[in-house]
Amino acid sequence: MDQFTINLLFVGASFALYIGIAIWARAGSTSEFYAAGRGVHPVTNGMATAADWMSAASFISMAGLIAFTGYDNSSYLMGWTGGYVLLALLLAPYLRKFGKFTVSEFIGDRFYSPTARLVAVVCLIVASTTYVIGQMTGVGVAFGRFLEVENTTGLLIGAVIVFAYAVFGGMKGVTYTQVAQYCVLILAYTIPAIFISLQLTGNPIPALGLFGDHAASGEPLLAKLDAIVKELGFSEYTAHHADTLNMVLFTLSLMIGTAGLPHVIMRFFTVPKVADARWSAGWALVFIALLYLTAPAVGAMARLNITEMMWPNGGINGGAVTVQQIENDQRYAWMATWEKTGLLGWEDKNGDGAIQYYNDQNADLQAMAAEKGWTGNELTNFNRDILVLANPEIANLPGWVIGLVAAGGLAAALSTAAGLLLAISSAVSHDLIKGAINPNISEKSELLSARIAMAVAICVATYLGLNPPGFAAQTVALAFGLAAASIFPALMMGIFSTKINNTGAVAGMLAGLIVTLVYIFLHKGWFFVPDTNSFSDADPLLGTVKSTSFGAIGAAINFAVAYLVAGMTKETPEEIKALVESVRIPRGAGTAQDH
């Protein structure tokens, strides 16, 4: 059986499962559509949250970015994991206790203002739509490779499938679909990693193999990788080279952005009790850790495999891989397959019959290249988003493992896309249409408007996904920055401060969102349209602060503006102060404190 048929079998079987679950658990009421009837067990919710969380950015893109940058991109792991601790401790239980369906509804009621609710809807839609663009980018990469079509065609096919099961199921259907998707994606991520770790280190646990010895040479794996990439003119894999300030701000943006993402917070509205919300976050961390502890090993081992394949004769002095090898050797068949997607490319620029892969911007390598007659790096395109999906092929693993990874990559991208689309649709139908435009709308009409909003969001995300502002994980990082700058401060102040009034909250959210959005557009292009940017992340507007790191500064601006405006305007009403105290302090705590 050929690889294409195996891929179709795995992907087809997984999708039949997802769509079957979505139809079985089809939402019949607004409560089931928005919050799954508030009847989801914490372990189930933790697994669904993990699937919702481990998007194309985590599954497909993150290891690729770590692989080609090394230590400096470990901030993705630190920021995203730390964010869940913040979420579990500071937000999830209090928001569940408040008892609303959506984040915007909480902000509107806490700040006693339809305007605050409307601004929250806008912030939510902007952040979530940016996030969906990253997911659709991943969908395009995965479908493009495993259906052996162009990236654009893969993206369009994926959009149709997302629409099918997200629109039918609502939160109830998506919850149980995501449990199945978690099982698929975690197996798809860890099984190839175990195989590759055994090949390279003899250790079946990738996280331990990463710090073990290379099976063939006997030297530490990371030391061997450092030596190889340094010889090719790249930065040492385990060393810190990036700007420290930007790295700290980036990690902080990811952390507080995690705690402010609406599609993640919505998951905690689905459990029966307040305590279950905290348990859900704890279980989610356990399930997420299985992938996040494996990702650094996947990145490092893949980088070593790729580099050794491009230099199969022992480094620069042994000679590069030949064009003939790439075209005729079965071990290199993956390169021809990925070339069809437009995400991998090579060119024999100097006509010597070999493909030299090296850092042609390195001054020392330029001198050597001139002596050897090289005319630049000939691995002209290696999209970071293909690394995890191509990994089993690079390591020459069995066909069924490649098919499993295909299903896992799609599960990761589509599960998060569905959660985000739910957040967008509930914001439009429940908060905008029912909350502001037509409070008397019927349940049937509200569900219809939610599904129409989903369809529109998919169309917008698909269009922008054709020309994304970065790799999947980088695009998602922009979404985290927007959530960090706009939604997280409003939630924190709403729960922990009685001083912030409606005017302060609205001013803070608008200031944080607008400043961050403008900073991103200045670096990534206005509305992400290519070639409309004034700066680049290589040469940022504000010192060394890249667009992906600005969310932390935007959050600080949000807090500052909110407190400043609140101090200059009318005080928060007493009944709202009492509401905040009742949400934050458990019933009976006041009596206990008095004694």
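Numbering of residues begins at 1 and proceeds along the displayed sequence. The structure presented is a predicted model; accordingly, all values stated were derived computationally and were not measured.
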*Asks:* Taking atom NZ of Lys230 and atom CD of Glu236, what is their separation to the nearest 0.5 Å?
*Replies:* 5.0 Å
*Asks:* Considering all heavy atoms of both residues, which atom of Trp338 and which atom of Glu393 are nearest to each other, and what is their separation?
*Replies:* NE1-OE2, 3.1 Å
*Asks:* Taking all non-hydrogen atoms of both residues into account, name the closest pair between Phe287 and Ala50 and its distance.
*Replies:* CB-CB, 3.6 Å
*Asks:* Please report the C-alpha distance between Thr462 and Leu156 in whole Å, then the side-chain angles of each, then the deciding distance to 0.1 Å, and finally whether the side chain to side chain contact (heavy atoms under 4.5 Å, CB included) criterion is met.
*Replies:* CA-CA 7 Å; Thr462 302; Leu156 296 174; 3.9 Å; yes
*Asks:* What I'd like to find out is whether the side chain of Ser547 reaches to under 4.5 Å of the side chain of Leu478, using heavy atoms alone.
*Replies:* yes
*Asks:* Do Met62 and Leu291 touch side chain to side chain, with heavy atoms closer than 4.5 Å?
*Replies:* yes
*Asks:* When the ring centroid of Tyr237 is compared with that of Tyr71, is the distance short of 6.0 Å?
*Replies:* no
*Asks:* Can you measure from CG (Leu65) to CZ (Arg384) and round to the nearest 0.5 angstrom?
*Replies:* 7.5 Å
*Asks:* Under a 4.5 Å cut-off applied to non-hydrogen side-chain atoms, are Leu344 and Leu379 in contact?
*Replies:* yes
*Asks:* Quick check: does any side chain N or O of Asp226 sit under 3.5 Å from a backbone N or O of Thr238, one acting as donor and the other as acceptor?
*Replies:* yes
*Asks:* Using a distance-only test with no angle check, is there a side-chain donor-acceptor pair under 3.5 angstrom linking Ser549 and Asn246?
*Replies:* yes
*Asks:* Report yes if the side chains of Tyr76 and Leu254 come closer than 4.5 Å at any heavy-atom pair, otherwise no.
*Replies:* yes
*Asks:* Measure the CG-OG distance between Asp539 and Ser534 for me, rounded to the nearest 0.5 Å.
*Replies:* 11.5 Å
*Asks:* Taking the side chain as every heavy atom from C-beta outward, state whether Leu210 and Pro296 have any atom pair closer than 4.5 Å.
*Replies:* yes
*Asks:* Is the side chain of Tyr182 donor-acceptor paired with the backbone N or O of Thr49 at a distance under 3.5 Å, no angle test?
*Replies:* no
*Asks:* Do the side chain of Thr129 and the main chain of Val126 share a donor and acceptor less than 3.5 angstrom apart?
*Replies:* no
*Asks:* Can you confirm whether more than 12 heavy atoms, excluding those of Phe4, are under 6.0 Å from its CZ atom?
*Replies:* yes
*Asks:* Walk me through whether Val405 and Asn391 qualify under side chain to side chain contact (heavy atoms under 4.5 Å, CB included).
*Replies:* CA-CA 9 Å; Val405 170; Asn391 217 8; over 6 Å; no
*Asks:* Less than 4.5 Å apart, side chain to side chain, heavy atoms only: is that true for His214 and Thr201?
*Replies:* no
*Asks:* Might you point out which heavy atoms bring Gly299 and Ala67 nearest each other, and give the distance in Å?
*Replies:* O-CB, 3.2 Å
*Asks:* For the pair Thr251 (side chain) and Met247 (backbone), establish whether a donor and an acceptor sit closer than 3.5 Å, ignoring hydrogens and angles.
*Replies:* yes
*Asks:* Do the side chain of Asn328 and the main chain of Gln324 share a donor and acceptor less than 3.5 angstrom apart?
*Replies:* yes
*Asks:* Taking the six-membered ring where the residue is Trp, are the ring centres of Phe382 and Tyr357 under 6.0 Å apart?
*Replies:* no
*Asks:* Between Glu150 (side chain only) and Thr341 (backbone N and O only), is there a donor and an acceptor less than 3.5 Å apart?
*Replies:* no
*Asks:* For residues Val529 and Thr532, report the shortest heavy-atom separation together with the two atoms involved.
*Replies:* O-OG1, 2.7 Å
*Asks:* Within the 4.5 Å heavy-atom criterion, are Trp334 and Met309 side-chain neighbours or not?
*Replies:* yes
*Asks:* Does Lys224 come within less than 4.0 Å of Glu308, counting only side-chain N to carboxylate O?
*Replies:* yes
*Asks:* Around atom NZ of Lys546, are there more than 12 heavy atoms of other residues, nucleotides or ligands at under 6.0 Å?
*Replies:* no
*Asks:* Using distance alone, with no hydrogens and no angle criterion, decide if Asp385 and Ser61 have a side-chain donor and acceptor under 3.5 Å apart.
*Replies:* yes
*Asks:* Check side chain to side chain contact (heavy atoms under 4.5 Å, CB included) between Gln199 and all other residues, then give those that pass, not counting sequence neighbours.
*Replies:* Ala395, Leu397
*Asks:* So, the side chain of Asn533 versus the backbone of Lys524: is there a donor-acceptor pair under 3.5 Å, distance only?
*Replies:* no
*Asks:* More than 12 foreign heavy atoms under 6.0 Å from CH2 of Trp374: is that the case here?
*Replies:* yes
*Asks:* Can you see whether Tyr292 engages Ser58 through a side-chain donor-acceptor pair at a distance of less than 3.5 angstrom?
*Replies:* yes
*Asks:* For a quick test of reading the model, state the closest non-hydrogen atom pair linking Ala552 to Leu252 and the distance between them.
*Replies:* CB-CD2, 3.9 Å
*Asks:* Could you go step by step and tell me if Leu389 and Ile386 meet the side chain to side chain contact (heavy atoms under 4.5 Å, CB included) rule?
*Replies:* CA-CA 5 Å; Leu389 299 177; Ile386 77 172; 5.6 Å; no
*Asks:* Strictly distance-based, threshold 3.5 Å: is any side-chain N or O of Ser75 a donor or acceptor partner for the main-chain N or O of Asp72?
*Replies:* yes
*Asks:* Rounded to the nearest 0.5 Å, what separation is found between the CD1 atom of Ile194 and the OG1 atom of Thr294?
*Replies:* 8.0 Å
*Asks:* Run Asp213 and Glu219 through side chain to side chain contact (heavy atoms under 4.5 Å, CB included) and show every step you take.
*Replies:* CA-CA 5 Å; Asp213 293 337; Glu219 62 184 307; over 6 Å; no
*Asks:* Determine, using ring centers only, whether Trp80 and Phe480 are less than 6.0 Å apart.
*Replies:* yes
*Asks:* Between Tyr358 and Phe234, does the ring centre distance come in under 6.0 Å?
*Replies:* no
*Asks:* What do the steps show when you test Asn350 against Thr375 for side-chain hydrogen bond (donor to acceptor under 3.5 Å, both in side chains), and what is the final call?
*Replies:* CA-CA 6 Å; Asn350 61 353; Thr375 54; 5.0 Å; no
*Asks:* In Å, rounded to the nearest 0.5 Å, how long is the span from CG of Asp537 to OG1 of Thr548?
*Replies:* 5.5 Å
*Asks:* Given 3.5 Å as the limit, does a donor-acceptor pair link the side chain of Gln325 with the main chain of Thr322, or not?
*Replies:* yes
*Asks:* Can a side-chain donor-acceptor contact be found between Asp360 and Gln356 if the only test is distance below 3.5 angstrom?
*Replies:* no
*Asks:* Do the side chain of Asp329 and the main chain of Tyr332 share a donor and acceptor less than 3.5 angstrom apart?
*Replies:* no
*Asks:* Do Trp346 and Glu339 pair up side chain to side chain, a donor and an acceptor below 3.5 Å, judged on atom types alone?
*Replies:* no
*Asks:* Can you check whether Tyr519 reaches Pro540 side chain to side chain, under 4.5 Å on heavy atoms?
*Replies:* yes
*Asks:* Please work out whether the ring planes of Phe195 and Trp400 are parallel, tilted or perpendicular, with thresholds of 30° and 60°.
*Replies:* perpendicular
*Asks:* Measuring from Asn305:CG to Leu225:CG, what's the distance to the nearest 0.5 Å?
*Replies:* 10.5 Å
*Asks:* Can you see which heavy atom on Leu17 is nearest to which on Ala180, and at what distance?
*Replies:* CD2-CB, 3.9 Å
*Asks:* Decide, yes or no, whether a salt bridge links Asp352 with Lys372 under the criterion of side-chain N to carboxylate O below 4.0 Å.
*Replies:* no
